[in-house]
**Student:** 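For reference, the structure I am asking about is given below.
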Amino acid sequence: MVIVFQSKPSLIAAGVVAGPLEKRSIFSQHFDATYDDERWQMNTNEQGHRKMVEEACEFAMKKAGVKNTDIDYFMGGDLVNQMTPTNFAARDLDIPFIGLFSACATSISSVIVASLLTEAGASNLSLAGASSQHNAVERQFRYPINYGSQKPQTAQWTVTAAGYALIGKHHEEYPSIEAATVGKSVDYGMDDPFHMGAAMAPAAFQTIQSHLEQRNQKIYHYDLILTGDLGQLGLKLLKGMFVESGIKSEELQPLRDAGAEFYGQDETFQSGASGAGCSAAVFFSYVIQQMRAGTYKRVLLVATGALLSPLTFQQGETIPCTAHAIEITMK
Amino acid sequence: MEKEQYQQLEQNVTPKPPYFKNVAKAFLVGGLICTIGQAVSLFYIIFFDFTEATAGNPTVSTMIFFAMILTGFGLYKKIGQIAGAGSAVPVTGFGNAVISAAIEHRSEGLVLGVGGNLFKLAGSVVLFGVVSAFFIALIKFILVSIGVVSW
Amino acid sequence: MKLLGIMLPLLVSLTLLSGCGEKEKFIVYGSPENEKEVETILKEEDYVDKTTVIQYDNSMLVATQIKPWHKWKKTKLEKKLQKKFDEKYPNKEVFVSADYKIFYEANKIKREQVEDNKLKDKIKKLKKLAKEET
Amino acid sequence: MVMTFVFAFFVGGIICAIGQLMMDVGKLTPGHTLSTLVVAGAILSGMGLYEPLINFAGAGATVPITSFGNSLTHGAIVEAERHGLVGVLTGMFEVTSSGISAAIVFGFIGALLFKPKGNVD
């Protein structure tokens, strides 16, 4: 399952934009821009969602000093109907496009595909990432925005953010992708759409464990193992699974979760942040910046995704989940 | 780790909903909404030609009007987060379900969006209300016919 | 539990208010005929709280309020009282209502000292209102 | 009349508390909870118990969703009493709960006036 990249493709640049509530995020100073209008001055949430994707890509291209014609592939996805916001953004970006859906794990699955294309020599520069817009996602997966239902403590808040990274050939001064693990679709029988962390934790556990095993590594080889959007409870469960598998809890120090930390301790967001944009925004801003600053040398990014739809939930199905991981190093 | 083992772990880690606190909040907010309803009802009795028996209809409509205002300004969902069933069970909650769906689907137009999705959430309440009314009236009719009960 | 802190005093004061509102339990407007007798009839019924009776010509409007804890039997008690009055005054046209609207309007009639033709119209309207169904 | 306010508070509050227990302990979605309560209101109405509750608690009984079940059932039963078996059917078309009409009208107006907002504050 593990892919080792001989050419070590690099993350050349990245762009992250986020919505108004994300100003409160503890990561907000790392984002390229936050906007006051959750619809980006467009008429509908979905149009705003599309605009957000375009702007994140533009930030990434501007930082690398390239134009859309310099980019070989555009890879990404979101959570709204057939990923239309990303599809429509691809139309405007005018770059060969592969849409990917791994729910909230799309941020990493797209980077894996981009890295493979780079490794194969098919791509010099690829844009890869993911996004989510709170209003558009909530209305599809749960209730209308203004519906007054009581969210339990286990619920998570879908973030409004887009994160896209430019993947290119190996450069020493940029963080480079050494290896990747594509996760299985794991189902431990969880069926509560307001408790996604619990559904996703086993998928994250399996992916991390198999990555470490096949790479002959231990947790302490990493400065940081960052999962995408397990939330506070999901992270607790993930740690619990490692403890049960015989790892001491002190050794779990590098294990963190972007969703759990995203909004700080603000209780209005319950168990933390979620959504494809959550992992994309944190991975492609905070993590990359910290690596370039030299804080982290070896990082495992594990994006987690719950592969449910409102239909499967209503038909009484459980929630299968996946997790994809990439190992990034900085010389 | 086995599924059963994980489910055990999940049970241990997941906090139980604060039952007592939730019920108390639902009771207080629900009670308050009904008290406001009673005030509206008294208003209609005193200033309009409604009796205690007929004031229910205008009261319910007025409460749903309040729900529209609160829903439109995004306040009802905040009340809902605190009160739970306290704001969902009164008719204002039914109004909130209809109105929030209507506002949400405005972007798809008045016919396909608002018209098609108005009862997306509240439809089940209308369905079960009407169907149960039909069967109960039917049962009562049969019981009266065979002389078990009277009207 | 801030809510509880706000609601409790509010409820207590409401309950107290109900105690303060005690006025005359029995008011008659119009001809004072049979006043004592009607009062006795009503006193026999322990569920009756306050009553305003309007008498004119050969008719009598009995607008009564049932004590809060008996209110759930309102429909039955109203009928019971109607029957009692019908038996007592077979020659009179008596109309009993336990609805608050009727009681409120009856008191208003007394306060505003409405007379004759206007009174008849008003009573007619009230009777119609009271018979309305939801 | 003042006591009716107190009763409205308690009866309405208790119905909501039951709803909360159904959601928290019974793990029902809001949709399931409300549908169950409407059916419960209809059954109470059929047994002739809902009207006394309205007499007793006023808005405490007319404002909770259970009153939908009551007003629909009450209408159907009244029609059945008047017109027999046909009345059960026609009653269904003649009675509409004012709450449903109000929700439709205000839903439409609300859709014209407001935009959905996701902000927490």
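Please read all numbers here as calculations on a predicted model, not as lab measurements. For the numbers below, each heavy atom of this structure counts, side chains included, while hydrogens, waters and symmetry mates do not. Within every chain, numbering begins at 1; the chains are lettered A, B, ... in the order of the sequence lines, protein sequences first and strands thereafter.
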**Student:** Looking at chain A, which one of A97(B), P17(B), A88(B) has the largest number of heavy-atom pairs inside 4.5 Å, strictly under?
**Tutor:**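 The candidate making the most pairs under 4.5 Å is A97(B).
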
**Student:** Would you indicate whether Q82(A), at its atom CD, is surrounded by more than 12 heavy atoms from other residues, nucleotides or ligands within a distance under 6.0 Å?
**Tutor:**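 No, because the 6.0 Å sphere around CD of Q82(A) holds 12 heavy atoms or fewer from other groups.
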
**Student:** Let me see the donor-acceptor pairs closer than 3.5 Å between chain A and chain B, or none if nothing turns up.
**Tutor:**
residue	atom	partner	partner atom	Å
R139(A)	NH1	E104(B)	O	3.1
R139(A)	NH2	H105(B)	ND1	3.3
R139(A)	NH2	E108(B)	OE1	2.9
R139(A)	NH2	E108(B)	OE2	2.7
I145(A)	N	E104(B)	OE1	2.7
N146(A)	O	N96(B)	ND2	3.0
G148(A)	N	N96(B)	OD1	2.8
Q150(A)	NE2	Q81(B)	O	3.2
Q150(A)	NE2	I82(B)	O	3.4
K151(A)	N	Q81(B)	OE1	2.8
K151(A)	O	Q81(B)	NE2	3.0
Y188(A)	O	Q7(B)	NE2	3.0
Y188(A)	OH	M1(B)	O	2.8
H195(A)	NE2	E10(B)	OE2	3.3
H195(A)	NE2	T14(B)	OG1	2.9
A198(A)	O	Y6(B)	OH	2.4
E244(A)	OE1	Q5(B)	NE2	3.0

**Student:** Tell me, for I79(B) versus chain A, whether the close heavy atoms (under 4.5 Å) come from the side chain, the backbone, both or neither.
**Tutor:**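 Neither the backbone nor the side chain of I79(B) comes within 4.5 Å of chain A.
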
**Student:** Heavy atoms only, distances under 4.5 angstrom: which of P202(A), G197(A), G189(A), A201(A) has the most pairs with chain B? Name it, please.
**Tutor:**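 Going by pairs under 4.5 Å, I would pick P202(A).
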
**Student:** If you count every heavy atom of other residues, nucleotides or ligands that lies below 6.0 Å from Y35(A) atom OH, does the total exceed 12?
**Tutor:**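 It does: Y35(A) OH has more than 12 such atoms within range.
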
**Student:** Taking all non-hydrogen atoms of both residues, which atom of G240(A) and which atom of L9(B) are closest, and how far apart?
**Tutor:**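 In this case the closest contact between G240(A) and L9(B) is C-CD2, 4.0 Å.
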
**Student:** What is the minimum heavy-atom distance between A101(B) and P144(A), and which atoms define it?
**Tutor:**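 For A101(B) and P144(A), the tightest heavy-atom pair comes out as CA-CG, 3.8 Å.
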
**Student:** Please check if the number of heavy atoms outside F135(B) that lie under 6.0 Å from its CZ is greater than 12.
**Tutor:**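 No, not enclosed.
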
**Student:** Looking at side-chain heavy atoms only, is the closest gap between L233(A) and P15(B) below 4.5 Å?
**Tutor:**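 Side-chain contact under 4.5 Å: yes.
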
